There are 2 protein chains.
Amino acid sequence: MRISEVAAKSGLSIDTIRYYEKSGLCPPIARGRDGTRQFTAENAEWLTLLSSLRDTGMPTKDMRHFAGLYQTGDATIPERKHLLLEHSRRLEARHETINRCKALLAHKLARYDRILGQSS
Amino acid sequence: MRISEVAAKSGLSIDTIRYYEKSGLCPPIARGRDGTRQFTAENAEWLTLLSSLRDTGMPTKDMRHFAGLYQTGDATIPERKHLLLEHSRRLEARHETINRCKALLAHKLARYDRILGQSS
DNA sequence: ATAGCGGGCTGGAGTAACTTCAGGTCAAGG
DNA sequence: CCTTGACCTGAAGTTACTCCAGCCCGCTAT
């Protein structure tokens, strides 16, 4: 698969994918004889997961750690599982944060409406 | 109110508060004769709102714009209302992103469990 | 066959939003 | 009087990208 296809699939930008490879967040990608990256389906799936983790706020050092475990092999699955469970908990926290913000916005918007109502 | 109190209240770090003042994200804070910042209750409330908006992913240029409107006065309330409504929609999108990620994590975790179950 | 595309490559500079640091002021306590 | 703690400033450092200049390669229209 070409880099542009993986970008479309994963939601990461082409530059970000190259950056991720350079900084060890994904395994080194095989190259064609012209130097272009040839992504396997597994590569693409991995980057899609990273994209999702990033978008939901996983710190990159965790991502880096996770990537290291992934490249080490199946023996690290218990630890990877632990990391993903931890992230699930972070998702709950984010969910809470969003709800609190929603409530705050509702409060502010109500106040704005009161002010606008008064002046008209 | 002292900066440390506002930091505790708002959830922003002391450094971030100073940075926000310097870059115009909050109105200039009054100073005591020793040069320390003396926050009003309104200042503190504003920073708390900014903290919440930041934590839920409002781009800082929007925050800057919003801050400009705030400092201009009540005439800008309709536009501020519009910005907050827009942010509400972004919150929904984030909510979706989190849910998609949850589903993905559940999928990965199930796969890990299958692998671990097999090998035991 | 050659000129112009489109897509990919690299190394390096630029950016956003903080964060950390060095060095200094001031008020209060022992 | 000296230290401690909270605060100040300007500047440098960090993270995670993002953009850019300059180059290669294969394709296709002339």
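Because the structure is a prediction, the values reported are computed rather than measured.
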A.B. asks: Is the shortest distance from a Lys or Arg side-chain nitrogen in Arg31(A) or Glu21(A) to a carboxylate oxygen in the other one below 4.0 Å?
C.D. replies: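 Looking at Arg31(A) and Glu21(A), the cut-off is met.
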A.B. asks: Given atom CG of Leu12(B) and atom P of dC18(C), what is their separation to the nearest angstrom?
C.D. replies: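 The distance from CG of Leu12(B) to P of dC18(C) comes to 8 Å, rounded to the nearest Å.
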A.B. asks: Going by an N to O cut-off under 4.0 Å, is there a salt bridge joining Lys108(A) and Glu45(B)?
C.D. replies: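 Yes.
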A.B. asks: Check this for me: does any side-chain nitrogen of one of Arg2(A) and Glu5(A) sit under 4.0 Å from a carboxylate oxygen of the other?
C.D. replies: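 Salt bridge present between Arg2(A) and Glu5(A).
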A.B. asks: Looking across every strand, which nucleic acid part, if any, lies under 4.0 Å from Arg33(B) by heavy atom: base, sugar-phosphate, or nothing?
C.D. replies: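 Nothing, no nucleic acid heavy atom in range.
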A.B. asks: Does the side-chain contact (heavy atoms from CB on, under 4.5 Å) test come out yes or no for Ile98(A) and Asp55(B), once each step is laid out?
C.D. replies: CA-CA 8 Å; Ile98(A) 286 176; Asp55(B) 287 348; over 6 Å; no
A.B. asks: Residues of residues 35-56 of chain A with any non-hydrogen atom less than 4.0 angstrom from an atom of DNA chain C: list those, numerically ordered, please.
C.D. replies: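 Within this stretch, Gly35(A), Thr36(A), Arg37(A) sit under 4.0 Å of the strand.
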A.B. asks: Which residues pass the side-chain contact (heavy atoms from CB on, under 4.5 Å) test with Thr72(A), sequence neighbours left out?
C.D. replies: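 Scan of Thr72(A) (side-chain contact (heavy atoms from CB on, under 4.5 Å), adjacent residues dropped) gives Thr76(A).
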A.B. asks: Checking Arg18(A) against Ile3(A) for the side-chain contact (heavy atoms from CB on, under 4.5 Å) test, could you report, in this order, the C-alpha distance in whole Å, the side-chain angles of both residues, the deciding distance, and whether it holds?
C.D. replies: CA-CA 9 Å; Arg18(A) 290 201 275 245; Ile3(A) 196 166; 3.6 Å; yes
A.B. asks: Kindly say if Arg2(A) contacts the phosphate of dG26(D), meaning a side-chain N or O under 4.0 Å from OP1 or OP2.
C.D. replies: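 No, no such contact exists.
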A.B. asks: Testing Ile17(A), Leu25(A), Thr16(A) for side chain to side chain contact (heavy atoms under 4.5 Å, CB included) with Leu50(A), which one passes?
C.D. replies: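 Among Ile17(A), Leu25(A), Thr16(A), the one that satisfies the side chain to side chain contact (heavy atoms under 4.5 Å, CB included) with Leu50(A) is Leu25(A).
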A.B. asks: Tell me whether Lys81(A) is salt-bridged to Glu86(A), with the criterion being a basic N under 4.0 Å from an acidic carboxylate O.
C.D. replies: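 So Lys81(A) does not pair with Glu86(A) through a salt bridge.
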A.B. asks: Once you round it to whole Å, what is the distance between C1' of dT19(C) and NZ of Lys61(A)?
C.D. replies: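 Nearest whole value for this atom pair: 15 Å.
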A.B. asks: Just how far, in rounded Å, is P of dC8(D) from CD1 of Ile29(B)?
C.D. replies: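 The distance from CD1 of Ile29(B) to P of dC8(D) comes to 10 Å, rounded to the nearest Å.
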A.B. asks: Expected output is a numbered-order residue list: members of residues 15-28 of chain B with a heavy atom under 4.0 Å from any atom of DNA chain C. What is it?
C.D. replies: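 Output list: Asp15(B), Thr16(B), Tyr19(B), Tyr20(B).
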A.B. asks: Quick one: is dG8(C) close enough that its OP1 or OP2 comes under 4.0 Å of any side-chain N or O from Ser4(A)?
C.D. replies: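 Answer yes for this pair, as a side-chain N or O of Ser4(A) is under 4.0 Å from OP1 or OP2.
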A.B. asks: Measure from the ring center of Trp46(B) to the ring center of Phe39(B) and say whether it is less than 6.0 Å.
C.D. replies: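 That pair fails the under 6.0 Å test.
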A.B. asks: How long is the line joining CE of Met63(A) and C1' of dT15(D), in whole Å?
C.D. replies: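 In whole Å, dT15(D) C1' lies 12 Å from Met63(A) CE.
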A.B. asks: According to a strict under-4.0 Å criterion, is Arg31(B) in side-chain N/O contact with OP1 or OP2 of dT9(D)?
C.D. replies: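 It does, given that an N or O in the side chain of Arg31(B) lies less than 4.0 Å from OP1 or OP2 of dT9(D).
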A.B. asks: Could you say whether Arg64(B) or Asp34(B) is positioned toward the 5' end of DNA chain C, judged by the nucleotide with the nearest heavy atom to each?
C.D. replies: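 Final value for this comparison: Arg64(B).
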